[in-house]
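Take a look at the structure below.
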Amino acid sequence: MAVDAWRKRAENPTSPEHGSSLAADSMEGLSVENPIWYSMCISSEHLDFAIDAMRATSTMYPTAYMTVARTAFVAAVNAVWMLAPSARQERRERALKLRADDLRVQVTSFRDMKIPDGKPQEARADLLDQLRERQASLQSVAKSLSMTEDVTKIRFNQTKAIDWVAEHMHGVDDDLLIGATQSVWRSGSAAAHAQYHFGIMRVDRNETVRDAGGGSVVRLRGDLDSDVGPALAAAAMTLSEAFRLYDLRRVSHDRT
């Protein structure tokens with residue numbers, strides 16, 4: 001099974017070959033391969049977990065699998081988004097944008113967190129200094145790539161990345177598959193964020209039970225055909241493309 005093979009690869013990583021495109025993508029201060037491989041490992045882990053949980057429990061939970069599938073899908077998308085551009089400059093820029101967004105989120109998180117005075121405050125200050133030093137180093141990398149953005153303000157747009165990857169995989173004119181991919185992303189996000197409309201939109205598929213007081217209760221059930229299946233399939237399809245591109249770029253094609 002593909003998911004088993006992906007998980008075994010994640011457990012036994014191999015570095016890109018010397019002279020390969022992927023090895024050449026990284027530069028001082030910026031790894032391109034590391035965030036790609038990390039995303040692929042996260043995606044394969046979540047796919048593997050979903051399948052293991054289904055086998056172990058024989059239970060189709062209403063929203064939990066959608067949350068896991070969402071992470072698998074997003075991680076695979078991000079790997080493809082970084083791998084797919086034909087130009088090295090663009091691959092480097094995308095890796096840098098993801099790194100910049102990650103650092104920005106860390107700074108915001110630790111800066112706004114409520115903690116006691118004293119040593120915890122000192123530890124936070126030290127950590128924030130380290131993160132800002134990394135941002136300054138990344139700004140130097142951005143300058144060497146002729147990028148003019150302030151790395152402390154770069155925000156990664158996940159929805160746009162998903163749309164781009166959908167067009168890359170299915171073609172810009174395949175409205176059905178692109179729309180289906182967008183639907184998987186939005187449904188997974190609604191389930192993961194416990195948004196009420198995820199359940200309300202599925203009322204017609206669920207069992208309504210009348211109670212003694214004259215009211216009714218709607219039972220939300222997991223749906224393999226309409227929700228979980230497509231969500232896991234989209235993640236697996238995208239991860240398959242990530243591994244295809246990764247294997248294409250990780251080997252040296254110069255055999256002379």
Side-chain angles (χ1 to χ4, degrees), residues 1-10 35-55 57 59-85 94 98 101 156-195 197-202 205-206 220-249:
M1 189 175 184
V3 175
D4 292 331
W6 292 333
R7 282 296 295 147
K8 288 177 182 177
R9 286 193 62 177
I36 290 171
W37 183 250
Y38 177 78
S39 293
M40 292 164 65
C41 290
I42 294 299
S43 181
S44 63
E45 175 192 350
H46 280 72
L47 281 171
D48 194 46
F49 173 82
I51 293 170
D52 282 351
M54 287 181 189
R55 288 171 177 164
T57 66
T59 301
M60 186 52 56
Y61 293 95
T63 61
Y65 290 122
M66 293 296 291
T67 301
V68 175
R70 173 186 181 269
T71 301
F73 177 59
V74 166
V77 161
N78 291 350
V80 173
W81 186 74
M82 286 183 280
L83 278 166
R94 291 188 174 191
L98 271 178
D101 185 72
F156 171 63
N157 190 312
Q158 187 68 69
T159 301
K160 287 184 178 179
I162 288 169
D163 291 346
W164 189 93
V165 169
E167 292 182 359
H168 159 77
M169 291 179 58
H170 308 305
V172 295
D173 297 324
D174 196 330
D175 292 338
L176 178 61
L177 282 176
I178 291 174
T181 302
Q182 293 169 333
S183 176
V184 164
W185 157 241
R186 285 161 176 78
S187 294
S189 293
H193 295 133
Q195 292 176 330
H197 71 264
F198 179 84
I200 291 299
M201 290 176 65
R202 288 154 177 79
R205 300 209 299 263
N206 298 310
L220 180 63
R221 298 181 181 275
D223 192 324
L224 180 62
D225 292 336
S226 301
D227 286 326
V228 178
L232 293 176
M237 192 184 327
T238 309
L239 184 57
S240 178
E241 173 65 1
F243 271 104
R244 185 190 73 83
L245 290 169
Y246 184 85
D247 287 337
L248 181 68
R249 299 200 185 284

remark   = Smallest heavy-atom separation, Val184 atom then Ala234 atom, equals CG1-CB, 4.0 Å
query = If you look at every heavy atom in Ala161 and Phe156, which pair is closest and at what distance?
reply = CB-CZ, 3.6 Å
message = Let me confirm one number: the CD-CG distance from Glu167 to Asp175, rounded to the nearest 0.5 Å.
response = 9.5 Å
request  = Please tell me if the side chains of Leu176 and His170 come closer than 4.5 Å, counting only heavy atoms from C-beta onward.
outcome  = no
query = Rounded to the nearest 0.5 Å, how far apart are CG of Leu245 and CE of Met40?
reply = 9.0 Å
ask   = Got Phe198 and Ser189 here, is their nearest side-chain heavy-atom distance under 4.5 Å?
value = no
message = Quick check against the 3.5 Å criterion: does His46 have a side-chain atom that pairs as donor or acceptor with the backbone of Ile42?
response = yes
task = For Thr181 and Leu177, indicate whether the former's side chain and the latter's backbone hold a donor-acceptor pair under 3.5 Å.
result = yes
pair Pro35-Leu98: side-chain heavy atoms closer than 4.5 Å = no
note = Tested for side-chain contact (heavy atoms from CB on, under 4.5 Å) against Trp185, the lone hit among Ile162, Val77, Asp163 is Ile162
query = To the nearest 0.5 Å, what is the distance between CD1 (Ile51) and CZ (Phe49)?
reply = 12.0 Å
task = Check whether any side-chain heavy atom of Ser44 lies under 4.5 Å from a side-chain heavy atom of Arg9, and answer yes or no.
result = no
note = For Thr238 and Met169, the nearest pair of non-hydrogen atoms, with its separation, is CA-CE, 3.9 Å
task = Heavy atoms only: give me the nearest Ala50-Tyr65 pair and the separation to one decimal.
result = O-CE2, 3.7 Å
Considering all heavy atoms, the nearest Leu232-Met54 contact = CD1-CE, 3.4 Å
Close side-chain approach of His193 and Arg70, heavy atoms under 4.5 Å = yes
note = CD of Glu45 to CH2 of Trp6, rounded to nearest 0.5 Å, is 15.0 Å
note = In short, side-chain hydrogen bond (donor to acceptor under 3.5 Å, both in side chains) pairs touching residues 74-84 with sequence neighbours left out are Asn78-Gln158
message = Run the side chain to side chain donor-acceptor pair (under 3.5 Å) test against Arg7 and tell me which residues pass, sequence neighbours left out.
response = none
remark   = Nearest heavy-atom contact between Pro85 and Arg249 is O-NH2, 3.1 Å
message = Would you call the rings of Phe243 and Trp37 parallel, tilted or perpendicular, taking 30° and 60° as the class edges?
response = perpendicular
